[in-house]
Amino acid sequence: MTSHTILITGASRGIGRACALALARPDVKLIIHYHLRAAAAEETADLCRKKGAEAFVLQADIASSSEVNRLFLQAEQHFSPVDIVVNNVGVAVYGQLQDISDDEWQRVFATNVNGMFYCTRRALPGMISRKWGRIINVSSMWGQVGASCEVLYSATKGAVDAFTKAAAKELVYSGITVNAVSPGVVDTDMFSALGEDTAQDVVSDIPLGRTLRPQEIALWVRHFAAEEAEAVTGQILGINGGMEIH
């Protein structure tokens with residue numbers, strides 16, 4: 001079985017941690033990225049090591065191109081060039097459109113869109129030279145259908161979807177697949193921040209009758225990362241408990 005070096009951004013908790021655990025096995029090297037939560041990232045790494053994977057924790061603000069470059073240099077020096085990237089990091093601002101500040105708009109786009117671009121761009125030279133690679137983006141159902149009071153977040157995830165499709169068309173001839181998972185309402189800190197009343201209203205709209213678990217998203221990330229998934233590229237996979245069916 002081929003050994004891979006995998007970078008998961010925002011792997012200290014939530015979907016990122018679930019992806020790290022889903023991908024952890026004795027033949028892989030995991031880069032556990034975090035921005036602010038060092039202890040939680042180390043905990044993720046320890047859990048992955050128990051599954052036999054090698055895990056290396058690295059800090060960076062992926063909204064910065066220079067920090068992303070440093071992140072990849074450290075990963076390459078410690079392991080080998082990254083050949084699977086899971087662009088998971090995401091932030092959100094909940095509120096009415098007219099109340100969004102310039103700083104909030106710039107910050108959310110810098111993290112959700114620029115960070116994905118910086119990590120993907122930095123990984124590509126090695127992937128292209130090896131004629132193999134996997135780019136997996138964590139999008140959102142709101143990028144496809146939009147959400148009231150989440151215009152900014154929805155706009156960034158719409159950009160993620162467009163990026164995924166366009167990059168897939170460009171990179172397929174280099175043996176690189178680009179796909180995205182598009183979760184609905186997942187039980188993470190981002191969901192908890194909505195408050196109990198709002199959360200209950202949201203759950204009442206889910207045909208499945210509950211929020212999704214991070215592990216249910218990670219299952220499909222692992223599928224897109226597989227050697228056997230080379231025929232699948234440019235896809236946005238909805239995982240939303242039946243809220244939106246396209």
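Applying the side-chain hydrogen bond (donor to acceptor under 3.5 Å, both in side chains) test to residues at least two apart or on different chains, the pairs with a partner in residues 157-170 are Asn137-Thr164, Ser139-Asp161.
Within the 3.5 Å criterion, the main-chain N or O of Thr9 finds a donor-acceptor partner in the side chain of Asn88. In this structure a side-chain-to-backbone donor-acceptor pair under 3.5 Å is present from Asp83 to Thr5. A side-chain donor-acceptor contact under 3.5 Å links Thr44 to the backbone of Ala11. Using modelled atom types, no side-chain atom of Ser174 and backbone atom of Ile176 make a donor-acceptor pair closer than 3.5 Å. Between the side chain of Ser154 and the main chain of Gly143, no donor-acceptor pair closer than 3.5 Å is present. Under a 3.5 Å cut-off, the side chain of Gln96 and the backbone N or O of Cys149 do not form any donor-acceptor pair. Distance alone, capped at 3.5 Å, is enough to place a donor-acceptor pair between the His33 side chain and the Gly10 backbone. A donor-acceptor pair under 3.5 Å is formed between the side chain of Thr156 and the backbone N or O of Tyr153. One N or O on the side chain of Ser182 and one on the backbone of Met141 form a donor-acceptor pair closer than 3.5 Å.
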Yes or no on side-chain contact (heavy atoms from CB on, under 4.5 Å) for Val57 and Tyr34, after CA distance, side-chain angles and deciding distance? CA-CA 8 Å; Val57 177; Tyr34 76 97; 3.6 Å; yes
For Gln144 and Glu244: C-alpha separation, side-chain torsions, deciding distance, then whether side-chain contact (heavy atoms from CB on, under 4.5 Å) applies. CA-CA 9 Å; Gln144 297 174 289; Glu244 293 293 337; over 6 Å; no
Residues Phe72, Leu7; criterion side-chain contact (heavy atoms from CB on, under 4.5 Å); working and verdict: CA-CA 9 Å; Phe72 272 81; Leu7 167 67; 3.6 Å; yes
Could you walk me through whether Arg122 and Asn69 pass the side-chain contact (heavy atoms from CB on, under 4.5 Å) check? CA-CA 7 Å; Arg122 182 58 179 76; Asn69 188 55; 2.8 Å; yes
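The CG atom of Leu97 sits 10.0 Å away from the OG atom of Ser148 when rounded to the nearest 0.5 Å. Note that OH of Tyr94 and CG of Asp99 are 12.0 Å apart. Values are rounded to the nearest 0.5 Å. Rounding to the nearest 0.5 Å places NZ of Lys29 at 13.5 Å from CZ of Phe56. In this structure, the separation between NE2 on His4 and CD1 on Ile84 is 5.0 Å, given to the nearest 0.5 Å. To the nearest 0.5 Å, the span separating SG on Cys19 from CD1 on Ile6 amounts to 10.0 Å. Here Asp61 contributes atom CG and Thr111 contributes atom OG1; the two are 6.5 Å apart, rounded to the nearest 0.5 Å.
There is no path of hydrophobic side-chain contacts, each under 4.5 Å, that joins Leu21 to Leu58. Leu71 and Leu73 sit in two unconnected hydrophobic clusters of ILVMFWY residues. Membership requires side-chain heavy atoms under 4.5 Å apart, directly or through other members. Cluster annotation: Leu47 is not connected to Ile217 through the hydrophobic network of ILVMFWY side chains, with a link wherever side-chain heavy atoms come within less than 4.5 Å. Both Tyr118 and Met127 are members of a single hydrophobic cluster when ILVMFWY side chains are connected at heavy-atom separations under 4.5 Å. Clustering ILVMFWY residues whenever any of their side-chain heavy atoms sit less than 4.5 angstrom apart, transitively, puts Val113 in a cluster other than the one holding Ile236.
The shortest non-hydrogen separation linking Ala168 to Val178 is CB-O, 3.7 Å. Residues Ala24 and Leu30 come closest through the heavy atom pair CB-CD1, 3.8 Å. Looking at every heavy atom in both residues, Gly234 comes nearest to Asn179 through N-OD1, 3.2 Å. Residues Val160 and Asn112 come closest through the heavy atom pair CG2-O, 3.8 Å. Nearest heavy-atom pair across Ala229 and Thr177 is O-CG2, 4.2 Å. Nearest heavy-atom pair, Arg222 versus Leu23, reported as atom, atom and distance to 0.1 Å: CA-CD2, 3.9 Å.
Counting heavy atoms from C-beta on, the side chains of Gln59 and Arg70 come closer than 4.5 Å. Looking at heavy atoms from C-beta onward, Val181 lies in side-chain contact with Phe224 at the 4.5 angstrom threshold. Side-chain atoms of Pro81 and Arg130, non-hydrogen and from C-beta on, do get closer than 4.5 Å to each other. Contact check for Trp132 versus Glu227: side-chain heavy atoms found under the 4.5 Å cut-off.
Among residues two or more places apart in sequence or in another chain, the salt bridge (Lys or Arg N to Asp or Glu O under 4.0 Å) test is passed with Glu43 by Arg17. Applying the ring pair (Phe, Tyr, Trp, His ring centres under 6.0 Å) rule to Phe109 yields the partners Trp105; only residues at least two apart in sequence or on another chain are considered. Checked against side-chain contact (heavy atoms from CB on, under 4.5 Å), Arg107 has the following partners two or more places apart in sequence or in another chain: Val91, Val93. Scored by the salt bridge (Lys or Arg N to Asp or Glu O under 4.0 Å) test, Glu230 finds no partners at all (sequence neighbours excluded). Taking the salt bridge (Lys or Arg N to Asp or Glu O under 4.0 Å) definition, one finds that Glu54 meets it with nothing, sequence neighbours left out.
Looking only at atom types and distance, the side chain of Ser65 has a donor-acceptor partner in the side chain of Arg121 under 3.5 Å away.
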